[in-house]
Amino acid sequence: MDMKIVVDSSANLPWLEGANFAAVPLKIVNDQREYTDDERLDVGAMVEDLSRYKGRTGTACPSVGEWLEAFGDAEGVFTVAITSSLSGAHNAAVQAARVYEDKHPDRRVCCLDTLSTGPEMVLIAEKLRELIAAGLPFDDIREKIRAYMEKTHLLFFLESVDNLAKNGRVSPLIAKAVGFLGIRIVGKASSQGTLQQLHKCRGEKKGLEALLGEMENLGFRGGKVRVAHVLCPGLGQRLRELVEARWPGSDVMVTPAGGLCSFYAERGGVLVGFEEM
Ligand code: X90
């Protein structure tokens, strides 16, 4: 059975080597412009433009048609979508799956609601690639990936939650906490797939300490860590060094965030996906 992995662009993964793979873009939209979150987007220029724009900017999830198109003619499809608590992306994938399976009764689609985003989706896509490469049947992969998703987590470190607040994606309580200069929040994707604040920290050093402490609390003991940074490669690098010093032998990869995550996590933010042992 030929299988395909289809993620939405909040995974910050324009391609995945060694897999039949596609990414469907979300969009960042205001009255003046629409930014399509694909590999052609200049994230730095977008963030700069938007910081000068006075009106409201929002986002839009991929349509049913865009998911469908990305399925191509694969016999087995796994969709990996941003948390359904904050976006309609997963819902659109589920509808696309129905259309696809109706049209091709011999084909199968499994839609995964990651209850997360960004680098946790990367871990899930990488695990799917591994399970597909091992030649497992569709149903086994589905079972194994669901078990794996119980063992992955997302933490984040944010300097601003303005865009999350303006779009109603974060509770006003959290929004208020981050209004002060130099305050960072460290939080996690909750089990319901929402933003949960864990710490308010003054300064980067304390923030990173809190982040590493939470990795430990969530069961990280060395293993895969995927980091997406919003226009702050230096912070990503410092985080990598701290993780490698505390858990030697960890497999850490740091990459720039795409458009959707950069819009919401904002400049200076990092998202950290990792697995329990
Ligand atoms: O459908 C849409 O318009 C997309 C809406 C997405 C809203 C949330 C994006 C969050 C991006 C921010 C920090 C990590 C949050 C983790 C929550 C599970 C990244």
Side-chain angles (χ1 to χ4, degrees), residues 7-13 23-30 34-37 41 43 46-47 50 56-64 66-67 79-96 112-124 149 152-171 174-175 177-178 184-199 207 211 214 218 226-232 235-236 255-274:
V7 305
D8 68 52
S9 65
S10 74
N12 308 307
L13 203 60
V24 291
L26 288 102
K27 293 187 179 73
I28 297 92
V29 200
N30 60 38
E34 180 174 294
Y35 304 86
T36 299
D37 186 15
L41 178 65
V43 172
M46 179 193 81
V47 168
L50 292 178
R56 209 190 84 90
T57 300
T59 56
C61 69
S63 67
V64 177
E66 285 168 310
W67 281 108
T79 69
V80 182
I82 183 171
T83 171
S84 64
S85 302
L86 300 178
S87 171
H90 173 67
N91 251 317
V94 170
Q95 288 179 53
L112 301 167
D113 177 359
T114 64
L115 300 174
S116 183
T117 188
E120 191 174 354
M121 291 168 67
V122 173
L123 290 172
I124 295 165
M149 286 165 65
T152 56
H153 302 280
L154 181 78
L155 288 168
F156 48 83
F157 174 102
L158 306 177
E159 287 191 11
S160 165
V161 293
D162 280 356
N163 287 336
L164 283 162
K166 282 181 193 151
N167 285 287
R169 255 79 181 199
V170 78
S171 83
I174 298 185
V178 197
R184 273 91 168 158
I185 66 158
V186 171
K188 69 169 183 178
S190 71
S191 51
Q192 293 86 44
T194 55
L195 268 90
Q196 181 181 349
Q197 180 187 318
L198 298 170
H199 302 273
L211 186 74
E214 290 301 337
L218 288 167
R226 299 290 176 263
V227 179
H229 70 81
V230 185
L231 304 168
C232 57
L235 176 58
T255 49
L260 192 279
C261 284
S262 296
F263 173 67
Y264 282 111
E266 301 192 49
R267 191 187 287 281
V270 288
L271 308 181
V272 187
F274 57 95

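When a ligand or atom number is given, it counts from 1 through the structure's own listing order.
The option from Ile185, Thr83, Leu86 that lies nearest to atom 5 (C) of ligand 1, judged by heavy atoms, is Leu86.
A salt bridge links Lys27 with Glu66: the distance from a Lys NZ or Arg NE/NH1/NH2 to an Asp or Glu carboxylate oxygen falls below 4.0 Å.
In the vicinity of Ala60, heavy-atom distances shorter than 4.0 Å reach the ligand 1 atoms 3 (O). Interface of Leu26 with ligand 1, defined as ligand atoms under 4.0 Å from a residue heavy atom, comprises 1 (O), 2 (C), 4 (C). Near Leu195, with a cut-off below 4.0 Å to any heavy atom, the atoms of ligand 1 are 15 (C), 17 (C).
Scanning all protein heavy atoms for the shortest distance to atom 13 (C) of ligand 1 gives Leu271 CD2, 3.7 Å. Protein heavy atom in closest approach to atom 7 (C) of ligand 1: Arg169 CG, 3.5 Å. Among all non-hydrogen protein atoms, the one lying nearest atom 18 (C) of ligand 1 is Ala189 CB, 3.5 Å. In terms of protein heavy atoms, atom 14 (C) of ligand 1 is closest to Phe156 CD2, 3.6 Å. Distance from atom 10 (C) of ligand 1 to its nearest protein heavy atom, with residue and atom name: Tyr264 CB, 3.9 Å.
What you find for Val270 and Cys232 is that their closest heavy atoms are CG1-SG, 4.1 Å. Heavy-atom minimum distance, Ala81 versus Ala89: CB-C, 4.3 Å. The shortest heavy-atom contact between Asn167 and Thr57 is ND2-O, 3.2 Å.
Close N/O approach between Thr59 and ligand 1 is found [any backbone or side-chain N/O within under 3.5 Å]. At least one N/O-N/O distance between Ser87 and ligand 1 falls below 3.5 Å.
The backbone N or O of Ser190 lies less than 3.5 Å from no partner atom in the side chain of Thr194, so there is not a single donor-acceptor pair. No side-chain donor-acceptor contact under 3.5 Å links Asn12 to the backbone of Gly118. Side chain of Gln196 to main chain of Gly187: no donor-acceptor pair is present (N/O by atom type, distance under 3.5 Å, no hydrogens or angles).
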Does Lys188 form a side chain to side chain contact (heavy atoms under 4.5 Å, CB included) with Leu198? I'd like the steps, not just the answer. CA-CA 7 Å; Lys188 69 169 183 178; Leu198 298 170; 4.0 Å; yes
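Residue-ligand proximity: Ala89 is placed with every non-hydrogen atom at 4.0 Å or more from ligand 1.
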